[in-house]
Amino acid sequence: MMPSEPDLPDPPPLVVENLKTAAVSPVWFLRPGLGEMVVLTAPKEEFLHQLSRSLLGLDQPFSGEVRVFGRNLFKTGERESALLRQRIGAVAVNGGLIANLRALENLLLPVIYHRGMSAVTQQQADTALARVGYDASPETLSGLLSLFQRKQIALARAMLMMPDLLIYDSLLLGLSPAEQEQLLAVTTEFHCENSQRISLFLTTSQNLAARIPAAVRVFLAKGERL
Amino acid sequence: LSAFLQLTLQISTKMTALANPAVRRVLVKQIYFTGFEAAPVIIFIALTIGTIIIAQSLLLFGSGNASLTARALIWIVVREIGPLLTALIVIARSGAAIATELGTMKINGEIDTLAGLGISPLSYLLLPRISGGILSVVALTVYFEVTAILGGFLVASLGWHLPAEQFFQGLYQAINLQQIFVSGLKSAIFGLIITVTACLQGMGIGRSATMIPQAATRAVMNSLLLVFMVDGLFAILAEIFATR
């Protein structure tokens, strides 16, 4: 009988090496540890947006490499990249909802697409909406929601998928102080529920790190190697 | 043309995605917008066309020749006008709408949002629009042909006292399975042309909102051109097979 192969260690969830997202952009290096909350600060919104797109495998980097759960999203097949993206939750700067779908449809879309609908899904959706404090009608078309409500739905949508890696692209931009506190509290609580989960906060705000006591690392990208 | 064939091929490999409940929802919506909401317009136009054809045939053949009138109706409606006029109405209603909707989604970054969620835009957006469009055009063609023939007869029998027995005898003699099959095939191909062209134009939009109306216009014009070309091709093939 052949001896069984020893289990290989899991690859780091996120490795960003020498990444330039455009000709004129900072060079990003990043290797967050399991369970870390990381605040990434850049001088321009545009750099963060480009970084977020590269992390999600939407834009081919100008140079360097991004590996998510050990894989380069640009070198994986469609099926594998879909599986990897299910492990990533993202909240875009504008929420990133589908305008012709209602709030509830937006919330449930990835769950129904990847896992199918069940009675439990509806319960989980109700719980997620309650957690983010969403108080408008779930039947409202997403185009009619305020920025805060769109971000609430996007956050609830990400939470429903129970991701291992969360990317918040300028989460607090355009929100009132009370709304900012509400979202920060939810994201921190959600992060702490899974000791392996990594949360990345991409921001231009210099004081966000101070507002997240659990954030263990702060990167400042100013065009130089970090 | 190569982009058209490429997308058609890609879509055909994704047919299993129609079993996905999220994709099925989009399919149902597409059938509702294209197939159901267009039905009143199709029925009204079909009724008018049926009446016109019968009235012209009666003038040509005389009111005592109801059987020949029925044959002319079948010949014109099932072979030509049914699939073609239905396609033209769907191009005007849905072709432009699909191109505009997809173009707006592209500019708003919604296509990227879907990709970021691990949802294939091809399976979730394009497949149900194309399949729903094909099914809708086929169904609307059936509505059109049935309404044009029966509705046209009802109007003509009231206005010109067309003898029903002779008319239906002519119908039975004129219609056959081959004609129905060719009509169905033609309408399915028209549905494919309209939706694939609209999807290509919508997804081909860059980052400027001014490209949306241009894409909608191109979707309509390219669909019209292709539909007439294919219709002409069908007519030539029918002629070749008939003379053999």
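None of these values were measured; they are calculated from a predicted model. All chains are named by letter (A, B, ...) in the order of the sequence lines, taking the proteins before the strands, and each is independently numbered beginning at 1.
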Neighbour count above 12 (heavy atom, 6.0 Å) for Glu193(A) CD: yes
Chain B neighbours within residues 89-108 of chain A, where any heavy atom lies under 4.5 Å away: Gly96(A), Leu97(A), Ile98(A), Ala99(A), Asn100(A), Leu101(A), Glu105(A)
Residue-level interface, residues 150-174 of chain A with chain B, non-hydrogen cut-off under 4.5 Å: Arg157(A)
Which atom of Leu117(B) lies closest to which atom of His114(A), heavy atoms considered: O-NE2, 2.8 Å
Gly116(A) versus Pro21(B), closest heavy-atom pair with distance: CA-CG, 4.1 Å
Test item: Tyr113(A) and Leu114(B) side chains (from C-beta on) under 4.5 Å apart, heavy atoms: no
Smallest separation among heavy atoms of Ile119(B) and Pro110(A), with atom names: CD1-CA, 4.1 Å
More than 12 heavy atoms of other groups within 6.0 Å of Arg93(B) CZ: yes
Heavy-atom contact with chain A under 4.5 Å, split by part of Asp112(B): both
Shortest non-hydrogen contact between Arg85(A) and Gly116(B), atoms and distance: CB-O, 3.6 Å
Exceeds 12 heavy-atom contacts within 6.0 angstrom, atom CZ of Phe74(A): yes
Heavy atoms of other groups near Leu177(B) CG, more than 12 under 6.0 Å: no
Neighbour count above 12 (heavy atom, 6.0 Å) for Glu78(A) CD: no
